[in-house]
Every structure is written in structure tokens, then in C-alpha cells.
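Small disclaimer: the values here were computed from a predicted structure and weren't measured. When a ligand or atom number is given, it counts from 1 through the structure's own listing order.
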Amino acid sequence: MTLKAQKFFSNRITTLLVSFFAALAPLFYYASRSSAHVFLDTALFMGFSRVVFWLMLANAVFALVVAAMRWRVAAYQLQQPKWLSALSCAAFTITVFFAIVNIAILCVMGEESSPIVWRSMAELLPFALAYIIAAALAFFFPSVTNKKVRTAIAVIIILIAVLTVLFMLYPPVYFDFLSDPMVIDNGEGYSVVFATSAAGTGYIEYEYEGQTYKLYDESSGRIRGSSTIHSIAVPYEHLDNNTYRVGSMRVFEEYAYGGRNGRSIISDDYKFFPCTGEDVTLLCVSDWHTRNNKAKEAISHLGEYDGVLMMGDAAPGLQYESEAAEYIVKFGGDISRGCMPIIYTRGNHETRGKYASQLGSALKMDRYYYETTHFGDYRFIVLDCAEDKEDSHPEYGGLVDYKTYRTGMTEWLEGLEPSDKKTITLCHAPSLFIEEDLTERAWSKLDELNSGLLISGHLHQCYLDRESEAFPVYVDGGHSGGDYIASKVTLSSEGIALYACNMDGDKVIDEFVTWK
Ligand SMILES: [Fe+2]
């Protein structure tokens, strides 16, 4: 090692910074676990990602010991020996290597998944601060001789501790609605769903036939207060052509005895119009994958519409409630403005992550496959493809049983009776299910039920296939290559007009499908 290099690695500040970044590496890497690790394991071997984590942790301890020796051992305070400089150089090199690994992971994840990493990092922040404070007090603070610097460090540490406690008790979030509500037609009535910026209660208020209703998001009389997504089931007739408002009270904590609440908010009035008659114009969106604004830009070129078909794939997964709030509820509220019905079709990416199993109850949807005859003079059959790989795929972490679910759905579909109403099928995947036998049974039954069209998404392309199945299949578009394609589906007694455009308003498709 040259003298210059030895001097650099002997520097006390260098050892301090290396120990800091060495500790940051496993923290960041751990925060990326929900989006990145399974791909590392699949590419190499199962368990590889855990090996990397423990190596990063070992390096953090190693770098801390090296720095502590430089700062605390009296003999090394003035002059660092060569062997300690060599150890310091090793800690520096390994830390740089792990930093590159983390940066590569962040780049590969891109804009879709990186917010989850930052959210996960924020969750780990109290642990990180505790580590920094403990390490600073144990190893570095006692070595600072300058009185002013010592006072400044002490003040900063006390300030961090006080702010941490304060922010834990009172999270610094302004309490408000994230957007207008979304009104989902769940086949049996409406689910009025809205989100707030922090946890609280949720309710809807309206007058119907001379009576005032105030319905809470509750379970057997107990109002839910720990969620940012609020949903209330309302009968069709109560909301159709009626005015309603929603409200919420912030809840900091719920106790067995008492609670700690914040301010209350109430929305403006919304006038709700159902889809009625033969002439119905619907907005159709799929696969926005967190790109709410890009989707809204394409939608802005499509003009007015009476209802919305949300065809799924809102985000890479649902690890946190905030993702469902931002990418499903807020997006649904923004594009429907609380005044028109929505049919929500679950995308395969909404079946992933620890919040996925709670989404149905958050949206007040007992299940994601159903039929509705309340959307104009038409019958909509909504199917749920669930996932597009075998249940045993490592991406699902052994936590899915979609084959049984799809079998049950196919049996439900086969039990449906034909209707006089013109029928449209919705399913996120244009190929329906991954099981060939179930898919064949579903196509056959849908044909028997006189389905005139399947509307889908999933492929991030936009096209109409008139040939390959018993009735045409429309793939809606969605996000692709920095652009977004949204569609307008216009139903009439003659058939279905399909028009799609991109973010610049350029026409992508303009087709007409006549009823069978
Ligand atoms: Fe998909």
C-alpha cells in the first residue's frame, strides 16, 4: 500500500464514513426484499439473497470494529499501523462493492418498485437511528475532545431522540382525502370506497325516501379506525341519481379502553349517476402499474364517459395498504370523480404481497368474480384470472392456491343461466386462466351465455382479435415503453365501438364489433 493510500485509509473520518455506509448496505438491501430477492434466488440458488444479506451484515460489524479501533484504542489514535490500514482498505472495498450491488438492484427495479423500498426504509428508520446513536455514543463520541463539537453532537442526538418519539406519537401527515371516492358495482350493490392520508374512520351520508342515512365502515357495529382505505356497502337504489357525501375522523390509536383521535373531515356533495339504457360509454383502463398520471393524460383525450372499467394491474404488488390507496382507490376516484359506477377486475399483480389478501375486504368485494346487470341494459360477467404462473412458482412464496380458486370460479360460471341482455365478459388476462381444461370450459360456457366480447389487458398491447375464439377478444393497452394507451368502449343496440388513444391523443385503434 502506498503512503498516500495508507494515509487515506488511516484517516479517522474515512473509517467513520465507511462504517456508516457499511451499516446502510444491509438496511437498504433488506428494504428491497419484497421486490428483488426472489429474482436473485431464481437466477442463482434459493437462499442466495439471504447469504448476501448476512455478508453485508458481517461487513457492517467488521467496518464498525475497524473504525472503533482507530477512534478508541489509544495506541492507534495518533498513528494507524499498516495492518489496520489494510483492514480499513478491505472494509472500504467491500462496502463499495455492496453499494454497487444495491444501486444495481435499485436501477433494475425502476420507478415501479422503488417507492416500496423507500417505504420499507422509512419503516426501518427507528432501528437505523438507534444503531447510529448507540454506535456514536459507544465508540466515537468519547473520542471527540473539542468541547463545542461535543456539545453540538449531544444536541443533535437529543433532538433526534425527541423528534422520533414525537413523530411516532403524532405522525406528521396532514389529514385529508386522497381523492374523490370510487363507487364499485360489486354485483350485489355499490361499494363506496375512498382513502385518507392517514388512518381513521369512514362513513357515507345521504338522504333516501325522506330518511337520512349515515353508514360507517364497520364490522358488527365496531367502526374500523386503523385503515386509510374506507368502504361502505350501499344498495343500488339508495345511490342511483342521488347525492351523497363521505367523511372521516383521524384515529391515532385504538385502545381496549379509550382511544386517541384527531380532526374530522367531510367531503363536498357528489351527485351519482348510474349507467342506464342502451347507449353507454365506458372508459377502459388496464395495467397502469403505478403510472396514474400517464394514464390520466391518455384519458384526457377520450372525452366524456358514463362509467369505468378498471381492468387491473395497478402496481407491481400490494405490499402495503398505501399502494392500494394510491394506485387503486385514488386512481379510481380521480378518473370517476365519485359520480359514476366502476367495475373493478383484479389484475394478477393485485394477487401479490402481504396486503393482497386484505384487498377484497378493503374494497367491500366478497369476491372478484361476479356478474352485474346494473350497468346499462347489459350483462357483465367479471372473471378473475388470479396469477399467470403455477402456484408453486417462487414469486408467490408458497402462499397461493389459485388453482382451487379458479376451479371454484369455473364451477360458478357454469352455473350461470343465459340472459336476454347482451353480454360482455371482463377478465384481466385475454387467455383467461393458466389451466387449459378450465379455460376451455370457460370459453364454452361464455359462448353458450352469448358473450359478445371479452375485454382484457395484461399484455400491455392494444388490439382486437376477431378470429381465435368463439367471440372477439379486445386487449386494452395500458402502460408500455413510457407511453400509455386508454380505451373508450361505447355500447349500443348495434354493437360495441372500441376506440383507443395514447398520451398524445393519437388514435391507436378504432373498431366496431357487432353483437352475435
Ligand atoms: Fe397483468
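- Because its NZ or CZ atom is not both nearer than 6.0 Å to the ring centre of Phe53 and within 45° of the ring axis, Arg50 does not count as a cation-pi partner of that residue.
- Residues passing the ring pair (Phe, Tyr, Trp, His ring centres under 6.0 Å) test with Phe48 are Phe45, sequence neighbours excluded.
- Here the CG-CG distance, from Leu454 to Leu432, works out to 6.0 Å after rounding to the nearest 0.5 Å.
- Sequence neighbours left out, not one pair with a member in residues 487-508 passes salt bridge (Lys or Arg N to Asp or Glu O under 4.0 Å).
- For Arg337 and Tyr305, the positive end sits near the middle of the six-membered ring, less than 6.0 Å away and at most 45° from its axis.
- Around the Fe ion (ligand 1), protein atoms of type N, O or S found under 2.8 Å number 4.
- Residues forming a side chain to side chain contact (heavy atoms under 4.5 Å, CB included) with Glu297 (at least two apart in sequence, or on another chain): Met503.
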